[in-house]
Amino acid sequence: MYAIVDCNSFYCSCERVFQPHLDEKPVVVLSNNDGCIISRSDEAKAIGVGMAGPYFLAKPLIDKHGVEVFSSNYNLYGDMSRRVMDTLKSLAGENNVEVYSVDEAFVNLHFIPQNKLREFALELRQIVELWTGVKVSVGVAPTKTLAKLANNISKKHKIKTGGVAVLETEEKIRKALALTQVKDLWGVGGRSAKKLFDLKIYTGWDLRQMPEEWARKNLGGVVGVRLIKELHGKEAIMMDEYKDKKMIATTRMFGNAVSDLADIKEAVATYTARAAEKLRRQNSAAGVINVFVVTNEKEETTAPHFRHGPTYSSHIILPYPTSQTNELIKPAVALAGQLYQQGKKYKKAGVILSSIVPDDSIQGNLFENQKSVGRFLMEQIDNINFSMRNDVVKFASSGTKRDWKMRKDFQSDRYTTRWEELYKVK
DNA sequence: TCTGGGGTCCTAGGACCC
DNA sequence: TCTGGGGTCCTAGGACCC
């Protein structure tokens, strides 16, 4: 049996831990650049604030009801996430916890007897809240897909379920599936949902009746087969141990559209430095660097209400894999220079590192002289930047003025990761 | 005026090989 | 005019996730 533990309105909950007067009040958290709404408290949902909608559209509603608004504070959320995950690991054992996202983890419950499942799930829930201040919902079932389904149920009926739903019998699974629309199943996105709807397959139970071979042909091949199996309670998606990332990206919208090559280069250099830090944190090196820019040109698109300009991208295969900021910034900035077109306005840029290998197994290139600033210097920079403020030490090409930096008009303090922003009791 | 930012896995099809 | 039958590796793009 598996549990999925999911933090309720995670980003909002993090803000509330340090501003308890906002409990029971409507709260929302915005994406970078204060663009979209990415987390809503139950009270905000009740008022009718939509998910992932643009902030400016929801603003009248938000003002009318006095909804508390926060810019995203990823330093805080990242640290709170670590605390929640550490708590789960201490209760269930490190090897039984798979961190699935910033606010979700699967827990393998093989060590819990059938008649104690609910008890243990409730304990997880209570202790996480006690130790971190974050409320979670727990779904328990024979497979990950069904556990996600149980979790949806526990969330939808918080009061009745106590935040915990356990699907341990065929009867309960059947009922739950019959009450669930296919689009709400884990692994069914918009495209498949529409296809299924056209085929008159409406509920999870309907879908479970379909043969695996049908799913192989009509529902994304092996992906569809796995889904059907999981709905039958046959485990097809196993616990995953932690794996290094195969791709590392740092991309941002600009606060304002920029047209200067110097600004673009500055942004790309900064993103590269950030991506290189992520790379070093997992002791990897990258063999390919990809840079892209997005203009604000109008473009014919299938989604006219959500207009991005065209994306221009290009990549370089590095002479040898590296994780050193200076070795990555040079080609990245060069790519930015190639992509840049005078007279266009740019609203976004990004850097993607791929062909990632462990950095202790870097294959030397016979023809390149691998003289390096050395990992030592990188480590020192990372340590200083981490323990002090961000970016006390940075590369000159990252610039210093950053006109292109994003908007963050409502940011809370980084209570748990910066001494000078520590939560003040009095 | 203003619309995140990450990731994963899978498949199809092309290039190339014998 | 006729034109096999495998393989592998790589990439782009689709679909999905939070």
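Below, chain A is the first sequence line, B the second, and so on; all start at residue 1.
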Contact class for [X] (heavy atom, under 4.0 Å): base, sugar-phosphate, or nothing?
| X | result |
| --- | --- |
| Gly53(A) | nothing |
| Lys183(A) | nothing |
| Arg252(A) | sugar-phosphate |
| Leu185(A) | sugar-phosphate |
| Lys59(A) | nothing |
| Lys243(A) | nothing |
| Asp103(A) | sugar-phosphate |
| Leu30(A) | nothing |
| Tyr100(A) | sugar-phosphate |
| Val102(A) | nothing |
| Asn33(A) | nothing |
| Thr250(A) | sugar-phosphate |

Distance-minimising heavy-atom pair for Ser101(A) and Met85(A):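 The pair with the smallest heavy-atom distance is O-CE, 3.6 Å.
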Please report whether the ring centroid of [Y] lies less than 6.0 Å from that of [X].
| X | Y | value |
| --- | --- | --- |
| Phe70(A) | Phe410(A) | no |
| Phe292(A) | Tyr312(A) | no |
| Tyr2(A) | Phe106(A) | no |

Measure the angle between the two terminal helix axes of the helix from dG5(B)-dC18(C) to dC18(B)-dG5(C), five base pairs each, and quote it to 10°.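 So the angle between the two local helix axes works out to 10°.
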Step-by-step ring-ring contact (aromatic ring centres under 6.0 Å, His included) determination, Tyr202(A) to Phe197(A): CA-CA 6 Å; Tyr202(A) 304 123; Phe197(A) 191 86; 5.1 Å; yes
To the nearest 0.5 angstrom, please state how far the CZ atom of Phe56(A) sits from the NZ atom of Lys59(A).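 It is 12.0 Å, given to the nearest 0.5 Å.
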Value rounded to 0.5 Å, distance of CZ in Arg280(A) from OG1 in Thr322(A):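 Arg280(A) CZ to Thr322(A) OG1: 9.0 Å, rounded to 0.5 Å.
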Tell me whether the rings of Phe254(A) and Tyr271(A) are parallel (<30°), tilted (30 to 60°) or perpendicular (>60°).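 The rings of Phe254(A) and Tyr271(A) lie parallel, inter-plane angle below 30°.
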Span that lies between the C1' atom of dC17(C) and that of dG4(B), in whole angstrom: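 It works out to 15 Å between them.
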Within a radius of less than 6.0 Å around NZ of Lys156(A), do more than 12 heavy atoms belonging to other residues, nucleotides or ligands occur?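 Check fails, neighbour count at 12 or below.
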Under a criterion of less than 4.0 angstrom to any heavy atom of chain A, what are the 5'-terminal and 3'-terminal contacting nucleotides of DNA chain C?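 The contact span of chain A on DNA chain C goes from dA15(C) to dC18(C).
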Between Tyr340(A) and Ser259(A) (side chain of the first, backbone of the second, donor and acceptor by atom type, cut-off under 3.5 Å), is there such a pair?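 Side chain of Tyr340(A) to backbone of Ser259(A): a pair is present.
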Examine the side chains of Thr295(A) and Lys347(A) and answer whether a donor and an acceptor come within less than 3.5 Å of each other.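 Side chains of Thr295(A) and Lys347(A): no pair found under 3.5 Å.
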Just checking, any donor-acceptor pair under 3.5 angstrom between side chains of Asp6(A) and Ser137(A)?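 The criterion, which ignores hydrogens and geometry beyond distance, is not satisfied for Ser137(A) and Asp6(A).
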Nearest-nucleotide comparison on DNA chain B, the residue closer to the 5′ end among Met247(A) and Ile38(A):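 Looking at the nearest nucleotide for each, Ile38(A) comes out on the 5' side.
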Is there a residue in residues 223-237 of chain A whose heavy atoms reach under 4.0 Å of DNA chain B, and which residues are they?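 Those residues are Val223(A), Arg226(A).
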